[in-house]
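Before any comments, here is the structure.
Reckoned from all heavy atoms, side chains included, excluding hydrogens, waters and symmetry mates. Everything numeric here is computed off the predicted structure, so don't read it as measured data. Here is how names work: the chains are called A, B, and so on, in the same order as the sequence lines, proteins then strands, and each is numbered from 1.
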There are 2 protein chains.
Amino acid sequence: MKTEPKSRMTNQRRVILELVRSLHTHATADEIHRRVRERMPRISLGTVYRNLELLSAQGLVKKLEHTGAQRRYDGNLNFHYHLRCVQCGRVVDAPLEPMPQFLELVRSRTDFDILGYELEFQGLCPACRSSIQPLDKKGIKEDTHA
Amino acid sequence: MKTEPKSRMTNQRRVILELVRSLHTHATADEIHRRVRERMPRISLGTVYRNLELLSAQGLVKKLEHTGAQRRYDGNLNFHYHLRCVQCGRVVDAPLEPMPQFLELVRSRTDFDILGYELEFQGLCPACRSSIQPLDKKGIKEDTHA
DNA sequence: TTTGATGCAAAATATTTGCAGGATA
DNA sequence: TATCCTGCAAATATTTTGCATCAAA
């Protein structure tokens with residue numbers, strides 16, 4: 001039923017996919033760009049965005065639009081939840097088993113066509129908890145602790 | 001323990017708070033600005049952002065950073081979940097009772113300092129489901145159906 | 001009066017897009 | 001060879017901020 005758009009496996013696309021799959025850090029486009037540039041110095045940020053979007057549409061990576069201001073990308077396609085540090089923005093997998101029964105419950109109670117759900121925990125990571133700087137709700141732009 | 005910063009209840013702040021409380025639409029800053037401008041034509045978008053930020057820090061409105069690209073604001077402070085239309089971006093309350101037991105479970109399994117969690121469902125709202133236009137993952141910037 | 005708040009404009013961020021040339025199938 | 005893709009730069013979109021002035025307490 002789906003009309004998959006034809007796509008070409010370019011060097012850029014392959015390297016981006018390999019990188020996102022190898023990272024367990026839920027990196028941002030900018031971080032991915034920096035890492036990929038170590039192998040392909042001329043690759044542009046626009047190309048990274050375009051490829052991440054396409055790979056996400058093809059279901060090869062997961063786009064996380066629910067973890068703070070900046071979008072992040074996950075190479076782990078197994079259904080799981082996330083835990084985000086509200087101080088440094090770092091995202092890790094949450095230690096909680098999937099509970100897909102929510103879907104049926106909500107489906108039976110709404111006239112929306114339910115497609116999925118996201119469960120995200122927020123907290124302070126060990127590094128930020130022990131740091132002196134106060135939690136001021138700002139500057140949660142980039143990972144301080146990679 | 002908390003050192004609350006002193007703040008003044010200006011006309012702008014009061015009108016913004018009243019509006020967000022009266023809306024059940026989880027509006028964006030831009031939408032709130034447009035609505036407030038009907039009563040205060042000279043109010044700036046920057047003032048709207050500054051006040052929403054301050055009201056959120058004071059716990060008078062809830063900032064939703066987990067519902068797609070654009071930030072939204074909720075005047076309903078009761079703990080509840082959300083359901084977002086992936087086509088038009090509209091956000092409604094999810095028909096599901098709070099299940100705070102997750103928090104303890106995750107707390108016992110992580111070294112993060114757990115502060116809270118968000119549960120968001122995604123789907124197609126009735127209006128979008130029946131519309132002809134295909135779901136193309138773009139243009140989810142503004143509510144088509146208010 | 002004191003000092004927090006506003007309006008305005010510019011800056012900072014994050015993401016998308018037009019286009020001409022390049023690479024893949 | 002057809003057309004998808006890339007690099008580059010410009011354009012969008014969203015949010016934040018500096019500053020002189022205004023206004024709440």
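Using bins of under 30°, 30° to 60° and over 60° for the plane-to-plane angle, the ring pair B:His26/B:His82 lands in the perpendicular bin.
OP1 or OP2 of C:dT16 has at least one side-chain nitrogen or oxygen of A:Arg71 nearer than 4.0 Å. In terms of phosphate contacts, A:Gln12 brings no side-chain nitrogen or oxygen within less than 4.0 Å of OP1 or OP2 of C:dA23. Of the side-chain N and O atoms in A:Thr10, none sit less than 4.0 angstrom from OP1 or OP2 of D:dC4. Phosphate contact (OP1/OP2 of C:dA14, side-chain N/O of A:Arg72, threshold under 4.0 Å): absent. Proximity of A:Tyr49 to the phosphate of C:dT16: no side-chain N or O atom is located under 4.0 Å from OP1 or OP2. Under 4.0 angstrom from either OP1 or OP2 of D:dT14 there lies no side-chain N or O belonging to B:Thr28.
By the 4.5 Å heavy-atom criterion applied to side chains, B:Arg71 and B:Leu64 are not counted as neighbours. A 4.5 Å side-chain heavy-atom check between B:Leu119 and A:Glu118 finds every atom pair outside the cut-off. The shortest side-chain heavy-atom distance between A:Gln101 and A:Leu105 does not fall under the 4.5 Å cut-off.
The nearest whole Å value for the distance from the CZ atom in B:Arg42 to the C1' atom in D:dA23 is 15 Å. Distance, B:Leu45 CG to C:dA11 P: 18 Å, rounded to whole Å. With rounding to whole Å, A:Lys63 atom NZ is found 13 Å from C:dA14 atom C1'. With rounding to whole Å, A:Met40 atom CE is found 13 Å from C:dG22 atom C1'. For the pair A:Arg13 CZ and C:dA23 P, the computed distance is 15 Å after rounding to whole Å. Rounding to whole angstrom units, CD of residue B:Gln70 and P of C:dT16 are separated by 13 Å. Atom pair A:Tyr73:OH and C:dA14:P shows a separation of 12 Å (rounding to whole Å applied). Atom-to-atom, NE2 of A:His33 to P of C:dA14 comes out at 15 Å; the value is rounded to the nearest Å.
Comparing C:dA5, C:dC8, D:dG7 against the side chain of B:Ser44 picks out C:dC8 as the nearest. Each of C:dA25, C:dT16, D:dT6 was ranked by its minimum atom distance to the side chain of A:Asn51; first place goes to D:dT6. Which of D:dT6, C:dT24, C:dG7 sits closest to the side chain of A:Arg8 comes down to C:dT24.
In this structure, B:Met9 CE and B:Leu17 CG are separated by 6.0 Å, a value rounded to the nearest 0.5 Å.
A donor-acceptor distance shorter than 3.5 angstrom exists from the side chain of B:His33 to the backbone of B:Ile43, with no hydrogens or angles considered.
Between A:Asp74 and A:Asn76, the side chains place no donor N or O within less than 3.5 Å of an acceptor N or O (distance only, hydrogens not considered).
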Every protein N/O lying under 3.5 Å from an N/O of nucleotides 18-20 of chain C:
unit_1, atom_1, unit_2, atom_2, d
C:dG18, O6, A:Arg50, NH1, 3.3

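Residues B:Phe79 and B:Tyr117 bring their aromatic ring centres within 6.0 Å.
Residue-to-nucleotide proximity on DNA chain D shows that, of B:Met9 and B:Gly46, the 5′-proximal contact is made by B:Gly46.
At the heavy-atom level, A:Ile43 lies under 4.0 Å from the strands shown only through sugar-phosphate atoms.
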